[in-house]
Q: 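Once you've had a glance at the structure underneath, I'll fire off some questions.
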There are 2 protein chains.
Amino acid sequence: MPATSRPTSRDVAQEAGVSQSTVSLVLGGKWAGRVSPATARGVREAAERLGYRPNQAARNLRLGTTRTVMLMVPTLTAPFFGPVYTGAARVAAGHGFGVVVHVWPDDAGPADSPFAAPHEAIDGILASSMAVDALAGFRGTPAVMLDSDPAGPAPTVEFGVADGMRDLVAHLAGLGHRRFGHVAAAVDQWTFRVRAEALAAAVAALPGGVLARSECAIEATSAREAAARLLARPDPPTALVCDDDLLAAGAYKAARALGLDVPGDLSVTGFDDVLLATALEPELTTVRLPAEELGARGMTALLELLGGGRPRRCVLPGRLVVRGSTGPPRIVL
Amino acid sequence: MPATSRPTSRDVAQEAGVSQSTVSLVLGGKWAGRVSPATARGVREAAERLGYRPNQAARNLRLGTTRTVMLMVPTLTAPFFGPVYTGAARVAAGHGFGVVVHVWPDDAGPADSPFAAPHEAIDGILASSMAVDALAGFRGTPAVMLDSDPAGPAPTVEFGVADGMRDLVAHLAGLGHRRFGHVAAAVDQWTFRVRAEALAAAVAALPGGVLARSECAIEATSAREAAARLLARPDPPTALVCDDDLLAAGAYKAARALGLDVPGDLSVTGFDDVLLATALEPELTTVRLPAEELGARGMTALLELLGGGRPRRCVLPGRLVVRGSTGPPRIVL
DNA sequence: GAGGGGAAGTCATACGTACTACTCGACGCA
DNA sequence: TGCGTCGAGTAGTACGTATGACTTCCCCTC
C-alpha cells in the first residue's frame, strides 16, 4: 500500500492476518457465529491501527444504494430551510439514511447533461419550493416535492397556504379592513402563486373589498419600495399583506417613512413565521408554517416511495399567529 | 434489463449495436479520432432513448474521485451561509466540481464510527464555523476551515474579526461612549471567542472604558433578556455591542421596552451584516463580513490542496458599516 | 504484391466492497 | 469406523464504469 492512498479492507486483512472477506464480515457487523470473537477483535484493532475507513464509492456500487437522500432547495439564504432540513434529517437518521443539501437556483436550467451533477450518488430527492421542471433531469430518481405544485410529476407534501391566507384576510376583515395592499414576491414559485390567488379570492368575496398589488424582490429594500407605491395611491390600503416576513419588514419601513404607526395607522402581515417575525417591532402577525414537520413528512413519504409504496398527497395546515402588527383601521372622518 | 432498474452503459451499447467501451468513449467525450461521427450519434441517440444516466458510484470507484466537495456548516438557519455557499459553488463550478452541503450541529460528536456518514463520497471538506474536533473522524480527507481557529489542524480562511471589532469600538468611542455592554452569544465557536476577546481588549485600552457582559442564545428573545439584564444594572451601558445582527434585534426590543430611543438613548451594534441589518429600524451599524468571498477563497484553497499544493492562511478584513443605530451618548446631568 | 499506417472499434481489466458458496477440520454419535 | 454437523474462515465473483492494449480492415505507397 503506497503511503499516499487510503488503506483498503485488503490492507486491514493483511495486517490482521485474515482474508478480506473476514474483514468485511467483522466490520459489517454480521459475523455472529461466523468469526470467533478473538479474530473479530484482531480485525477491529488492525482497522484502528491503519485508520481504515471504507470506500463509500465501492460500497455504493456493491450495495446499489447510498442510503443518502438529497434535499434540493433554491437558496440557502432563506431561514425557512433550516427547520425543513432538521425535520427531514431526523426522520432519515431514524432509518439509517443521511441527507445532503444541494442548492438549485430557480434560474438554473434542467439537469439535462448526464455529467452535470457529480453529487448525484443518491437514492432519492426531496425538492423544496422548486420549480417543477428542475426535476426534469432526474427522471428515474424517486422524488417528493415539498411546498410545490401538486399537479407536478412527483408526490407532494404541501402547506395549506390558501387556508392560511384566508384566515389572515378574515382576521383583518374582522378588524374592519376593506382596502388591502399586496406586497407580492416577484418569484415564480407555486407557493407565491397560491398566496396571490387565495388573497385575491378572499378579498373579492368580501363586501366592499378592494385589492391593489405591487411586486418586489425577496428583500427588504425592494419590498419597502413596493409598499411605498401602494401607500402613495389616492385610496391607500389600510392593511398590507406581504408575501413573507422579510417583505413585511420592508413594509414597516415604508410606513415609518410616511410617519404612519403600525398598527395604529396601518396593519401589516407577514407569512411563514421565521425568526425575524418576533425580532421586528411590533412583532409581526403572520401565518406559521410548520416547516420542520414539512421536512419530516416529506422524508417519510420519500422513504415510503423508496420502499416501493405510493405516498398520498399530504397537506399541513398553516396557523394564523396574531401579534402586534394588526389592529382596527383608523377611521378618517 | 429488468424494467425496474436503471439502464447501464451496457444496455446502451446493445441498443446502439456497439460495445460498452464505445459507449463510454462517446459519452465521456473522448472519442475524437477513435469513433466515427455516425457511430457517436447513434450511441447518443440510444442513450437518449433509454434515458441512460451513468451510475455515479461506479464512476467514482473507477476514477477514484468524485469531483464533489462537502461544505460543512453547523446550521442552515443562519442566513450567513447562503453567500458562503454561493462563493464556494461558483469557484468549484469553474473547476468542474460540485458542492453538497452537510449540516453538522455543534453538539454532534466526532464522526468516529466508520459507517456513520454515508454522504462521505467526497474529495474534500470545506468546514465553516465548525468546532475543530468535528473533523476528527475525517482524518485523511483534505479540508479547509472557514472562519475557524487558525490553530486547528487544517488550513484556514478567516475574517479579520478582531480588527472589525476594534473598528466598532473606535467608532463608538469616537462618539463618546465609555460604558459598553456585550450581548454575547453563548456558543463555543472560535469567531465568538475572538469577538469577545477583541472587544474586551479594545475597551480595556480605552481610558475610563467599562465592559459588562451578558450571555444569550442566538435568538432574539434570549438576546432581549440578556440586553435587559445589562440595562438594569446600576450603571447601565450607553452602547450595546451584540455578537451578531439577530442579537441586536433583541437589544432593540429591550431598549423599546424601557422607553429608550435607539440611537438617542442607547447605541446598538451588530456583526455580520446579514439581510436583517437593513430590515431593522433604525438600520443597524454593524461589521460587514465578506461571506461570499470567504466561500470563494476557501474553495480556492481547497482545490489547491486537492491539487497537491499547500494553501497559505488567508484573512479577509471586515468593514465597519455605520448606519442609524449608533450616535453620541446622552449626557445625564 | 508486400508492408506501413491510420481509422474505427473491441477486449479485458481494475477500482474496493459485500456476500454466496465453498472448504476444512474437529467433534459427537451410532 | 463412518457419517453428519457445526464452527471458523476463505475463494471467488459481481456491481458499472473508464481506459490501455489490442485487433481488424482498408487505403496508400514503393
Side-chain angles (χ1 to χ4, degrees), chain A residues 1-2 4-44 46-47 50-67 96 114-115 118 120-121 123 140, chain B residues 1-2 4-43 46-47 50-67 114-115 118 120-121 123 140:
Chain A
M1 170 196 73
T4 53
S5 82
R6 282 171 37 160
T8 72
S9 60
R10 219 163 245 110
D11 297 320
V12 176
Q14 190 170 7
E15 170 85 9
V18 297
S19 74
Q20 184 267 333
S21 324
T22 304
V23 172
S24 182
L25 285 174
V26 170
L27 297 184
K30 311 197 175 159
W31 53 282
R34 302 203 41 176
V35 178
S36 76
T39 307
R41 186 150 33 79
V43 168
R44 272 195 292 260
L50 297 180
Y52 169 72
R53 325 207 55 231
N55 179 317
Q56 290 299 331
R59 266 177 81 81
N60 295 345
L61 175 58
R62 174 67 230 241
L63 297 175
T65 173
T66 59
R67 297 192 84 73
F115 295 96
E120 266 178 65
D123 289 346
Chain B
M1 170 195 70
T4 53
S5 84
R6 280 170 41 158
T8 72
S9 59
R10 219 164 246 111
D11 297 320
V12 175
Q14 190 170 7
E15 170 85 10
V18 298
S19 74
Q20 182 267 333
S21 322
T22 304
V23 172
S24 182
L25 285 173
V26 170
L27 297 183
K30 310 199 174 155
W31 53 282
R34 299 203 45 178
V35 178
S36 75
T39 307
R41 186 151 32 79
V43 167
L50 297 181
Y52 169 72
R53 323 207 57 231
N55 178 315
Q56 290 298 331
R59 267 176 80 81
N60 295 344
L61 175 58
R62 174 67 228 237
L63 297 174
T65 173
T66 59
R67 296 192 86 74
F115 295 97
E120 264 178 67
D123 289 347

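Hydrogens, waters and symmetry mates are skipped; everything else that's a heavy atom, side chains included, is used.
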Q: Between A:Arg10 (CZ) and D:dG12 (C1'), how many Å, whole number?
A: 11 Å
Q: What is the minimum heavy-atom distance between A:Leu50 and A:Pro7, and which atoms define it?
A: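 So the minimum-distance heavy-atom pair works out to O-CG, 3.4 Å.
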Q: Round to the nearest Å and state the distance from B:Asp11 atom CG to D:dC15 atom C1'.
A: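 Computing the B:Asp11:CG to D:dC15:C1' distance gives 13 Å.
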Q: In whole angstrom, give the distance that lies between atom CG of A:Leu61 and atom C1' of D:dA18.
A: 13 Å
Q: Could you give the CH2-to-P distance, from B:Trp31 to C:dA7, as a whole number of Å?
A: 14 Å
Q: Answer yes or no: does a side-chain N or O of A:Lys30 lie under 4.0 Å from OP1 or OP2 of C:dC19?
A: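 Looking at the OP1 and OP2 atoms of C:dC19, one of them is under 4.0 Å from a side-chain N or O of A:Lys30.
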Q: Compare side-chain N and O positions of A:Thr39 against OP1 and OP2 of D:dG9 and report whether any pair is under 4.0 Å apart.
A: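 For A:Thr39, the contact criterion (side-chain N or O under 4.0 Å from OP1 or OP2 of D:dG9) is met.
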Q: Whether the side chain of B:Ser36 and the base of C:dA8 hold a donor-acceptor pair under 3.5 Å is what I'd like checked.
A: no
Q: Just the rounded figure in Å: distance from P of D:dG16 to CD of B:Gln56.
A: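 After rounding, the gap between these two atoms is 14 Å.
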Q: Kindly say whether, by distance alone, the side chain of A:Arg34 makes a donor-acceptor pair under 3.5 Å with the base of D:dG9?
A: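 Side chain to base: pair found, below 3.5 Å.
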Q: Nearest of C:dG16, D:dT10, D:dT17 to any side-chain atom of A:Ala58?
A: C:dG16
Q: Is any side-chain N or O of A:Ser24 under 3.5 Å from a base N or O of C:dC19, one able to act as donor and the other as acceptor?
A: no
Q: What contact category does A:Thr22 fall into here, base, sugar-phosphate, or nothing, at under 4.0 angstrom with non-hydrogen atoms?
A: base
Q: Of all the heavy-atom pairs spanning B:Val43 and B:Ala16, show the shortest one and how long it is.
A: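 In terms of heavy atoms, the two residues are closest at CA-CB, 4.0 Å.
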Q: I need the minimum non-hydrogen distance between B:Asp123 and B:Arg67, along with the two atoms involved.
A: OD2-N, 2.8 Å
Q: Return the 5'-most residue of the pair B:Pro37, B:Arg62 with respect to DNA chain C, ranking by each residue's nearest nucleotide.
A: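 On the 5' side of the pair lies B:Pro37.
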Q: Atom CG of B:Leu25 to atom C1' of C:dA12: distance rounded to whole Å?
A: 14 Å
Q: So which atom in B:Pro54 and which in B:Arg6 form the shortest heavy-atom distance, rounded to 0.1 Å?
A: O-NH2, 3.7 Å
Q: Want to settle it: does A:Gln20 or B:Leu63 sit nearer the 5' end of DNA chain C, counting the closest nucleotide to each?
A: B:Leu63
Q: Tell me whether the side-chain N/O atoms of B:Ser19 come closer than 4.0 Å to OP1 or OP2 in C:dT10.
A: yes
Q: Could you check how far CG of B:Asn60 sits from P of D:dT17, rounded to whole Å?
A: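 These atoms are roughly 12 Å apart.
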Q: With no hydrogens and no angle check, do the side chains of B:Ser21 and B:Ser24 hold a donor and an acceptor under 3.5 Å apart?
A: no
Q: Which of these nucleotides, C:dT10, C:dT17, C:dC11, is closest to any side-chain atom of B:Val18?
A: C:dT10
Q: Between C:dA18 atom P and A:Arg67 atom CZ, what is the distance in whole Å?
A: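 Checked: the CZ to P distance equals 13 Å.
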